[in-house]
Structures are given as C-alpha cells and as structure tokens.
Amino acid sequence: MLSRVADALYWMARYSERTQTNAHILQVQLLNMLEQSGKENEYIDHWEAVLDICASKEEYLTFYESIRVNLLIEYLLFSDKNCNALHATLRAVRENARVTRDSIPIELWELQNAFYLSLQQEIIGRERPIPLIVLNSFLQNVRKTSLTVTGLIEGSMDRDLPYYFMHVGKWLERAEKTIRMALIILEQHKEVAISLFEVDGTFLLDLSEATESYLRKHRQTNLLCVIQYLLQDKHFPRSVMFCLQKLEESLSCLENDPISARYIELHTPLKNLLFAMMNVDLWNITLEETILLMEERLCQCIDFGNTFATIYHLYEPSVQP
Amino acid sequence: MMKFYESGMFFDEMFDGNQPKPHYRSFHHKLNAFPKEQLDEKYQQAQSSFLRQGITFTVYGAQGGTERTMPFDFIPIIIPHEQWEVIEAGMKQRVKALNCFLHDVYHEQSIFEDGLIPKRLIENNPYYYKEMLGVKVPIDNHIFLAGIDLIRDENGIYYVLEDNLRNPSGISYVFQNRYVMKEVYPEFFSKHSIQSLDKQMAFMKKALLAHRPACMKPGVEPKAVLLTAGMYNSAYYDHVFLAQQLNIQLVEGHDLVVQDNKVYRKTIYGLEQIDIIYRRIDDDFLDPVVFRKDSLLGVPHIMDAYKAGNIAILNAVGNGVADDKAMYAYVPDMIRYYLNEEPILRNVKTYHLDDDKQRAWVLEHMRELVIKNVSASGGYDMLIGPHASDEEITKFKEKIIENPFQYIAQPTINLSRAPAFQDGKFYPCHVDLRVYVMKGDDIYVLPGGLSRVALKEGSLVVNSSQGGGAKDTWILKEELQYAKSSSRCTVLDGKI
C-alpha cells in the first residue's frame, strides 16, 4: 500500500472519530445549557471545558473577546478559523475518503460525500443564529451517519491493510480524546478549594458517552471514580484501556510476525503504555500529580502515533531507505 | 403524446421530418408512453446519482474550482450495426497510421524526407520533444488510449473533427452513463439488443499490460500504476474509475521516486519498483528536470528511466505532435503513406494560415469559417464565423496576421442534432461523439463512446467545461437491428 494512501486512511479514521465525539459533546452541552443560567459559574465552566476538549480556548480568545454561546457554536461547528470545527473535520473526512476511494467500500465514500454535500446545502448557507432545534437535529445526523459508517466498515471491509490502518487511527484518536477529557476537567479544579473526593463526575460521564455503562456498574458518580473507570475499564469501548487493547490487536494483524523489528519497535511503547495505565491509582496522589500523570499518558499516546507514522513512512520522507 | 420538433435543415439522429427513423422507432414508442411528470422525476434521480457518487468535474473560475456533475441526458444516440462497423474500421485505421507517424517522427522522419508533410510543422510544434528522438518505446506503441471526436454534417456524413492522443478524458462517463441509464431508465432497454460495455475493461487491461518494458524477465507480471494530478484535477473521477477498473494503483507524482534510472513507489514497507505508468498528467509536467521546472505533479528524472527502457509511460511522451489541429489535416495522407490504404473516415477541410494564398482567402471569408488555435482545446481561443461579432472578427484577423502558424480555419459544418430533455421539455441539441480506441498488441474500439451534447439551446460547443452534457450511446447488435416492433426497413441512417 502507498504511504500516502495509508496516511489518508489513518487520518480519515481519526477525523471521523473526532467528528463523532465532538458532535456528541456539543449535543450534550447544548441540551445541558438549557437548564443553566448564563450567570452561573458552572455554565461558564462547562462551556470552557467543551471548548478546550473540542478545540482550544486559547486560540478561540485570539479571535473573540468573550465566551458567548452563539460565537462558540459558530466556532465549534462551522468556523474556518477552527481546524477542528465539525465542518472542517467533516471536510477532512470527505477529502481523505476521496483520495482513498480505491481502498474503501464505494458505499463508504458515497455516504461521506452525500453527507458533506447535504451539510453544505442545508446548514452552511443558513441564516445565523441557527435555531437550537435545527442544530440538534444536525448533530444527531452527524452521529447517525458516523454510526452507519462504523457499521459499513465493520460489516463490509476486508480485514486487510486499509482496514487496520483505519483501526489504528480510530482507536488512537479515541484513547487520546478520553485522556484529554479527563485532563481538562481535572484542570478546572485546580483553582477550586473543594477536595477531589467530593467533586461530581456526571458531566464527564455525559461528555464521554459513559453514563449508561457506568451507572450499570457503579452507584457513586464521584469524579475520581469516573476517571478511574474511563481509564481502566476493560469492557467499556471508550475507556483508554479498551482502546489500547484494540490497538494491540490491530498491530498484531498488521505485522504477523511478533519478532519482526517493526512489530517490536511499535509494540514496546504500546505495552509500556498499557502497563502504566493498568497501574494508575488516583486515590493516593494529589491533584497536581494526577494532572501530571494524565499529561504523561497523553504524551505517550502522541509519541506512539509518531512512531507508527515513522515506521510506516506516513509522513512523507524526501528519501526513503 | 410528447411534443417534439421537426428536424428542419439539420441532420437529426432521431427524426426525419417529424417521424422517428427506423432504428429509433421502438425507443420513440416507449418514450411516448411515458407521463411527463415521471420523466421529470427520473431526471432528478439521474442527476443526484452522479452527485452522490462524486462523479463530478471541476470548473475553474474566479473563485478557485467548483464541483459540477456533467449534465446527463437520457435520450441515447443509437447507431445501427453496419454503420458502427465502418466507424470501427475507420478508427482502427486512423490510430494505426497515427502510431506509425509518431514512430516515424521520433526515428527516421521519412514522411518529411519524402515531402508529404512540411517539416516546419513539427519544428514549430511545442509538443515535439527532441528528448524523444531515437527513444524506443515498448512494443513500438505510442498510443495506448486515443479519443477521436466524430461529427456529422447536414447529410449525416461522419467526419473526424479531432484526434486526442495525449490524455483523452471522459471514458468513465461512458460507463457511468450506461450505469445510470440502466438504473434509472430500465424501461427503455426493452426490445433493444445493444452491445454491452461489461467486458470492455478486460481489453483495456490487456492492452495496458502489453507494454512491459523490454528489460523485464519473461513470466513476471509487470506492476502498473495510474499517475494522477490529484483530486483537484478536473478529470479526477476518470482517474479513480480507471484505476479501479484496471485494478492498478492510483498514484500522485510525490508517491514515486527515481533511483538508478528505475522508478519506485513509496509504500508503507519502503520502496517498490514499478514497470508501467499510465499517466494522466501532461508531458510538460512529467519531469521537472527536463520539462517545466515548476511542476509539482511530476517525478524528477523519470525521463532518464524512460529513456533507459526501465519504465513504460503511456501514452508515450511527445504524442502532442500528432494531434494538433495543423497536423490533423495530414492524417489522410499518413494513412495512404504508411498503410497504403484509402482513409475510411473523412476529415474536415482544413486551411493552413501560414500559407499566403490560403490565408488571404480565409481572411476574406471569415464569416463562413471556424478559426481554431492549433494547440488549444476545450473550445478555447476559437472563433465561430457565423456567430461572431465584427469586433471578434477583427480581433481574430489581427491574431492570425500576427501568428499565422498558430491558427487553422475550417468550413462551418451544420452539426447534426439529437433531441434532449431538459427542464421539462424536448428540444434539439448539437451532438458529437468521442470514440475511444485502445492499442496494445491489438487495437480495440470501445463500442459506442461518449456522445457529447451542447445543452444550451443553439450552442455549438459540446465541451463539458463550457456547459456541455453527455448521452449514452447504443450500438445495436447485428441480428436485431431495428428492434422487434419496427419495420423491416434496412436503409442506412445517413451515409459514411
């Protein structure tokens, strides 16, 4: 497989995953805010968290002076200034699908293409502000399309190189996102005097689509319990542990030979990450230590992504060995 | 009952006066039975099918490119079997002669020595590459895929309008038009027996793989790729379609690298040598070391690998010398010279404006003629005398006087017409036909081709970049010439 095509498949999967998660997060927040008043601290906190999880607050503030709902919606969903706006990630998915059309099911390309075109037609040109009910149904459509995409991939793609490159993109993106969500929520508590043991984790559960799964197994929604769950649960498909296991599976399928140099080079850091994740114990460390630990894990994920890209020549080198 | 029109002074593919021709009767009958609302609905369905599949081309304008679908018209061009046989033979003959000519241009140059074609025509030609002199291309074939444009005059006589020997595009539309036609208008196929397109790609693949470089070991299957300019290229869909159908990888220039005069593709496991490149980028962009320095689409040093015989490039480099509008006039002579045969298909009379006598006559008769830039295509830099303003005529006269080598003139031909159904009504539109010819060890002609239609009422330009659309083309099978329900009439439709 061409490096360029592998790269495009990997990024298509990452952007697709990003789109799906961000759409969910935005949907949660748009409903959530209906019950809050604009003056409450929680309201601002939640929007700031969403902004930092789906994009970057720092970057947002270089364009706008204040955090206001309509501006945020524009920025997170449609603005050209934000490379992680839903419109931009959907475009990236479509363009990557377009250049890999000969490696993915035709229906997959058609689905991504038709969805992007309908977005262009129905939403982009619409008068602002877009009514909440329209936004909500749009976000719902994004999620439904993502689910169809997942179904198509799982149900119709050969278990071959293209499939596994997409797999790695998807699970790595998801692992990073989950760590990031936990990290951002933790950082928001740095300036608050309340002890972490008393903080509620419902919002994080909602953002990470974990409420249903978590509440079946636990009664307390304490933030630390929630984070521990999101990092370590082996059965919840958004937990970091689950994602890492999926990555490990993909690697063994990409490289059939467990003693090949490529496999060892990739598997070693992954194994280290898995081990580190297994041994996380949030109950006996301070908030600062917890944040540091999360940052380290996030860096490990990013490093793994870089190693993966280097080994398979995903970043176009000028001369290959 | 549908409301049509009378064929009038033009040759019409479907009608004689207001009556359908024998080979269109069955189709016409079916059409008459259709409620108009259903046709409107089917029209929408067909267009959205193209859009959903991303079968679009890019139109370049002030604000970058916009994506458009090629408008599709469901009324097919139907060609009787006997007529197609003649076209097919004519096409094979033409491509064979053109290939001999290209070989001659880059080797012995005997046709110039013998005085049949003035040598200045190649010397002045920007597509004549001295780098290609003496280069031996695999199986001595320069033309892997040709797109030859045919038109018909008011008497129904076919003329070759243009040879495209560089990168003829649009073959994917032939297949997609048929696909959409079968999907959306299945009713119209009943009672017709037409040549299928299903197996045609196998011929193309065979022709492609026939171009194995001479240095390859026997028994090893050559590795082929399709080199595209990328997804923003106007013909990208064509490239994707062909790569898929030929089962070869779609690569961009930066996916390839030349080392030790060999061409490699960059894969996830490192470099892998390739043997055949079906390139869909122009010569100019192929190798920034030899041609345009600013080209980002090509592969540095690929010409070295080509000359060393380690890679086949299809179509061959330097084909532009044979398909420009000035050389076109000499194709009948090439057929006589190389094949010792009389041309089967006619050429449109062409005036060379660097000839003083011809130029003087043309300048007097601009209103009756079409003036074309020899190296332009897509309907650009062209003057249609009868439709031009005084100002345009003066401007073209100046251009001709300033640069007579650059232009040719041809008589205006009353292009034939065929009915189109757009915006809820039928009206006659001018049509032409691009026929695709593939050459490997043998020559194949794709049955039918791309019927292009000038959908703007009264317009003569069929190019998709200028508002043209496309139709399906049906070649009737021998045994069921005029469909079961029609008469036994065997009169040919028009003449060859």
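The basis for the numbers below is simple: all heavy atoms, side chains too, and nothing from hydrogens, waters or symmetry mates. Letters go in sequence order (proteins before strands), and every chain restarts at 1.
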* Asked: At a heavy-atom separation under 4.5 Å, does Glu272(B) approach chain A through its side chain, its backbone, both, or neither?
  -> neither
* **Single hit among Phe308(A), Tyr163(A), Phe165(A) for ring pair (Phe, Tyr, Trp, His ring centres under 6.0 Å) with Tyr10(A)** => Phe308(A)
* Asked: What part of Glu107(A) gets closer than 4.5 Å to chain B, counting heavy atoms only: side chain, backbone, both or neither?
  -> neither
* Side chain, backbone, both or neither of Val225(B) within contact of chain A (heavy atoms, under 4.5 Å) -> neither
* To do: Would you tell me whether Arg143(A) and Gln20(A) have side-chain atoms, one donor and one acceptor, within less than 3.5 Å of each other?
  => no
* **Residues Asp275(B) and Lys223(B) bridged, charged N to O under 4.0 Å** => no
* To do: Flag the pair Tyr278(B) / Phe144(B) as yes when their ring centroid distance falls below 6.0 Å, and as no otherwise.
  => yes
* Asked: What part of Tyr236(B) is in contact with chain A, defined as an atom under 4.5 angstrom from a non-hydrogen atom: side chain, backbone, both or neither?
  -> side chain
* Asked: ring pair (Phe, Tyr, Trp, His ring centres under 6.0 Å) between Phe241(B) and Phe175(B): does it pass, once the steps are laid out?
  -> CA-CA 9 Å; Phe241(B) 176 86; Phe175(B) 289 84; 5.4 Å; yes
* Pick one of side chain, backbone, both or neither for Leu161(A), based on which atoms fall under 4.5 Å of a heavy atom in chain B. => side chain
* Glu255(A), part contacting chain B, at a heavy-atom distance under 4.5 Å -> side chain
